[in-house]
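Take a look at the structure below.
All figures in this text were calculated on a predicted structure; none of them were measured in a lab.
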Amino acid sequence: MAFSADVKQELCRQPVNRRCCARAEAYGVLLFCTAFDRRQARIVTECGALKERLPLLFRKAFKLSFDQLPEPGEGKGSFLIDDPEKLRAIFHAFGLEWDVHINLAVLEEEHCRTAFLRGAFLAGGSVTDPMKGYHLELATSHYHAGRELPALLRETGFEPKETDRKGNRVIYFKHSHQIEDFLTFLGAPVSAMGVMAAKIERDLRGSVNRQVNCDSANLDKTVAAAREQLSAIQRLSGAGRLDALPDKLREAARLRAEHPELNLTQLGALCRPAVGKSAFNHRMRKLLELAEELGQEGTRDG
């Protein structure tokens with residue numbers, strides 16, 4: 001998950017200036033965190049930058065502090081709010097009653113929607129290392145939020161896919177350009193460029209591999225054809241037929257015997273005068289036909 005961690009580190013460098021955007025980002029965090037209801041809000045993360053950001057974010061958004069902070073150090077840490085008054089204040093800020101869902105009335109501005117989606121990714125998102133594949137997802141245990149997020153994304157210009165996994169609603173992207181655009185929208189252009197660079201590298205590697213495979217197949221065909229041609233020339237030579245052949249065929253037979261590693265184009269260039277691949281191939285086919293006729297004569301004689 002190193003790439004996901006890098007993305008979240010970059011997103012956490014976004015400044016927390018407007019209170020409306022701080023609330024929107026906190027909203028996304030809460031809807032996609034470990035637990036959020038009338039009894040508690042629990043956010044579990046191992047991202048160091050997010051651990052530093054959350055207290056500032058909630059202070060800016062709601063003017064409140066967490067009731068429990070994670071222990072210092074690396075690894076997963078848990079942020080908890082279970083004070084009823086604080087939870088009522090949070091629910092009231094988003095116009096929520098008992099059901100947890102996405103209230104679009106508090107996300108009317110595009111910058112607030114960007115902040116909301118950034119918070120959702122920070123709390124419940126992940127993205128695959130683009131050198132291994134293309135997959136970015138957001139997962140939530142809240143039924144209504146999971147159903148409403150795709151509509152919000154489509155209004156914002158994205159086309160996500162949806163599925164259910166182990167009681168969670170998962171919204172995801174599978175194409176590199178979608179992931180690039182989404183990361184850029186969230187405020188992680190460097191990570192988006194990383195996806196783009198990885199795609200270029202993967203495509204280049206694939207192209208090289210295809211070319212190598214193609215070259216290998218062509219080489220196999222060239223070797224097989226040369227072997228067949230040499231065999232035909234040896235049969236004609238053994239039967240004493242080479243000396244009676246026209247000059248062009250004798251030259252072609254000699255060049256093939258002297259240069260078994262060369263292809264037809266290269267052999268044609270050695271002729272005097274030089275000929276093209278098609279002309280030299282025609283001479284090789286004639287030698288093969290003569291060798292075949294020689295074999296048929298032997299069969300009739302037998």
Problem set entry | Under the side-chain contact (heavy atoms from CB on, under 4.5 Å) test, residues paired with Ser176 that sit two or more places apart | Tyr134, Glu180, Val195, Lys199
Exercise. Residues in ring-ring contact (aromatic ring centres under 6.0 Å, His included) with His282, at least two apart?
Worked result: none
Seminar exercise, completed: Those residues at least two apart in sequence (or on a different chain) that pass ring-ring contact (aromatic ring centres under 6.0 Å, His included) with Phe280 are none
Problem set entry | Phe91-Phe36 aromatic ring centre distance below 6.0 Å | yes
For this session: Decide if the gap between the ring center of His135 and the ring center of Tyr172 is smaller than 6.0 angstrom.
Result: yes
Problem set entry | Arg42 and Ser78: side chain donor to acceptor below 3.5 Å | yes
Seminar exercise, completed: With Phe32 as partner, the option from Asn168, Thr140, Leu122, Ile43 fulfilling side chain to side chain contact (heavy atoms under 4.5 Å, CB included) is Thr140
Problem set entry | Aromatic ring proximity, centroids under 6.0 angstrom, Phe158 and Phe185 | yes
Which donor-acceptor pairs under 3.5 Å do the side chains of residues 226-234 make with protein atoms, sequence neighbours left out?
unit_1 : atom_1 : unit_2 : atom_2 : d
Gln229 : OE1    : Arg256 : NE     : 2.9
Gln229 : OE1    : Arg256 : NH2    : 3.2
Ser231 : OG     : Arg235 : NH1    : 3.0

Exercise. Who are the salt bridge (charged side-chain N to carboxylate O under 4.0 Å, His left out) partners of Glu258, not counting sequence neighbours?
Worked result: Arg254
For this session: Verify side-chain contact (heavy atoms from CB on, under 4.5 Å) between Leu183 and Leu136, making sure each step is shown before the conclusion.
Result: CA-CA 10 Å; Leu183 291 178; Leu136 182 150; 3.8 Å; yes
Exercise. By side-chain contact (heavy atoms from CB on, under 4.5 Å), which residues pair with Glu85, not counting sequence neighbours?
Worked result: Asp83, Arg88
Exercise. Between Lys8 and Phe121, is NZ or CZ placed under 6.0 angstrom from the six-membered ring centre and within 45° of the ring axis?
Worked result: yes
